[in-house]
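Following: one structure in structure tokens, then a few remarks.
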Amino acid sequence: MAQWYVLNNCEEAKPFLEEHKEDLLKQGVVNIEEKYREQFPSWFRRKLFNKEKSRSIMKIYPLAIGPDVRGTKCTGCIVNGVRYHIQQHDELRKSQNCSIAVRGLDEKVEVDFYGIIADILELEYVKENGIFLFKCKWFDLRKKMEMQEDKIFMSISVKRFWYEHDPFVLATQEKKVFYIDDPKLGKDWRIVLKFQARHIYNIPKKENSEVENDELIVTNAEVYQATSLESKSIVNDTVDMLNQLYRDDIESITIGTNVIELEAQAEYKVDVD
């Protein structure tokens, strides 16, 4: 199941996925979706073995061979600077890193899936290629009453789960969220709080431009702009202030330093009874 999910979400494997499905349709296979999942990994392996090893084929060749059968389970990992843990790990701590949301299809309708991470799997392929998969438990939100939303918060029911047959998601596909108890709706409800990692920004790409050597293009729509001060304005303000303190309508008086000191002592003198 995990290997199928990786292949089904690989952009380079899509032409082979379509070809295999067409073959099954021509054969008149019953329960085509089930057979599709079961047979594609082995069909894909044989297909690439017989193909000329071009650069594009070599890129997906490790996927065709398949992962090491000795997959690794992890209690946590860091993806794109964001930390994730399995539910069992979080139960012993105050922090929460097992709650996620994923955009997907339910009966050809795009919806948000909310869940918790039950396991983190690392699939190891040849040539030191590795993929992290999250095995999740998805909250059952197929009924409208299982999701309540007002002007400020959105709450979901965590009473039941669904899609037990499709628990996997790539670690790079999901978005992190937080669940907090909903005091209004009761113990089986959680308020969903969206999460944005600190110091991580989505920088738009500049369209219709050639990018070489993986250069990062920053457009005029900057992520943020620090406030800056111009020295020219500071100088002008200082000159104006000095002009206001200068008087030319009376004769100047020179005051000695001893007079200033005596006046300061008299101003801050405190009487003690």
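Keep in mind the model is a prediction, meaning the values are calculated, not measured.
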Set out, in order, the CA-CA distance, both residues' side-chain angles and the distance that settles salt bridge (Lys or Arg N to Asp or Glu O under 4.0 Å) for Glu34 and Arg37, then state yes or no. CA-CA 5 Å; Glu34 183 179 345; Arg37 294 188 178 201; over 6 Å; no
Expected list for residues 18-29: side-chain donor-acceptor pairs under 3.5 angstrom, two or more places apart:
residue: Glu19; atom: OE2; partner: Lys47; partner atom: NZ; Å: 2.6
residue: Lys21; atom: NZ; partner: Glu33; partner atom: OE2; Å: 3.0

Do Leu92 and Ile117 belong together in a cluster built from hydrophobic side chains that touch within less than 4.5 Å? no
If you compare all heavy atoms of Asn129 against all heavy atoms of Pro62, which two are closest, and at what distance to 0.1 Å? ND2-CG, 3.7 Å
Going by atom types alone, do Gln148 and Lys184 pair a side-chain donor with an acceptor below 3.5 Å? no
Is there a side-chain contact between Tyr125 and Ile65 (heavy atoms, below 4.5 Å)? no
Using the benzene-type ring in the case of Trp, are the ring centres of Phe139 and Tyr114 under 6.0 Å apart? no
Could you tell me whether Arg190 and Asp182 make a salt bridge, using a distance below 4.0 angstrom between a side-chain N and a carboxylate O? no
Same apolar cluster (I L V M F W Y, side chains within < 4.5 Å links), Met147/Trp189: no
Do Arg142 and Asp106 meet the salt-bridge criterion of a basic N to acidic O distance under 4.0 Å? no
Inter-residue atom distance Ile120.CD1 - His85.NE2, 0.5 Å rounding: 7.5 Å
Exam field: side chain Tyr179 to backbone Gly115, donor-acceptor pair closer than 3.5 Å: yes
Does one hydrophobic cluster hold both Ile86 and Val177, with members joined at side-chain heavy-atom distances below 4.5 Å? no
For Glu11, I'd like to know if atom CD has over 12 heavy atoms of other residues, nucleotides or ligands within 6.0 Å. no
Could you give me the CA-CA distance, side-chain angles and deciding distance for Glu146 and Arg160, then say whether salt bridge (Lys or Arg N to Asp or Glu O under 4.0 Å) is met? CA-CA 10 Å; Glu146 305 293 345; Arg160 290 183 293 272; 2.8 Å; yes
Can you measure from CG (Asp90) to OG1 (Thr75) and round to the nearest 0.5 angstrom? 10.0 Å
For the student: nearest non-hydrogen atoms of Gln173 and Val102, plus distance: O-CG1, 4.5 Å
With no hydrogens and no angle check, is any side-chain donor or acceptor of Asp181 less than 3.5 Å from a backbone partner on Pro183? no
Would you mind reporting whether Leu133 and Leu170 have side-chain heavy atoms less than 4.5 Å apart? yes
Determine, using the 4.5 Å side-chain heavy-atom cutoff (strictly less than), whether Leu17 and Phe168 are members of one ILVMFWY cluster. yes
Under the salt bridge (Lys or Arg N to Asp or Glu O under 4.0 Å) test, residues paired with Asp166 that sit two or more places apart: none
Once you round to the nearest 0.5 Å, how far does NZ of Lys137 lie from CD of Glu164? 10.0 Å
Under a 4.5 Å cut-off applied to non-hydrogen side-chain atoms, are Cys77 and Phe134 in contact? yes
Fit a plane to each ring of Phe113 and Trp138, take the angle between them on a 0 to 90° scale, and name the class: parallel (under 30°), tilted (30 to 60°) or perpendicular (over 60°). perpendicular
So, does Asn9 use its side chain to make a donor-acceptor pair with the main chain of Tyr5 at under 3.5 Å? yes
One should read off an interatomic distance between Leu121 CG and Thr72 OG1, to the nearest 0.5 angstrom, of 9.0 Å
Tell me, do Pro67 and Gln3 make a side-chain contact under 4.5 Å, heavy atoms counted? yes
More than 12 heavy atoms of other residues, nucleotides or ligands under 6.0 Å from CZ of Arg83: yes or no? no
Step by step, work out the side chain to side chain contact (heavy atoms under 4.5 Å, CB included) result for Leu48 and Leu63. CA-CA 10 Å; Leu48 263 63; Leu63 291 177; over 6 Å; no
To the nearest 0.5 Å, what is the distance between OH (Tyr61) and OG (Ser56)? 14.0 Å
Between the CD1 atom in Ile156 and the CG atom in Leu141, the distance rounded to the nearest 0.5 Å is 5.5 Å
Indicate, with yes or no, if Ile116 and Trp162 share a hydrophobic cluster defined by side-chain heavy-atom contacts under 4.5 Å among Ile, Leu, Val, Met, Phe, Trp and Tyr. no
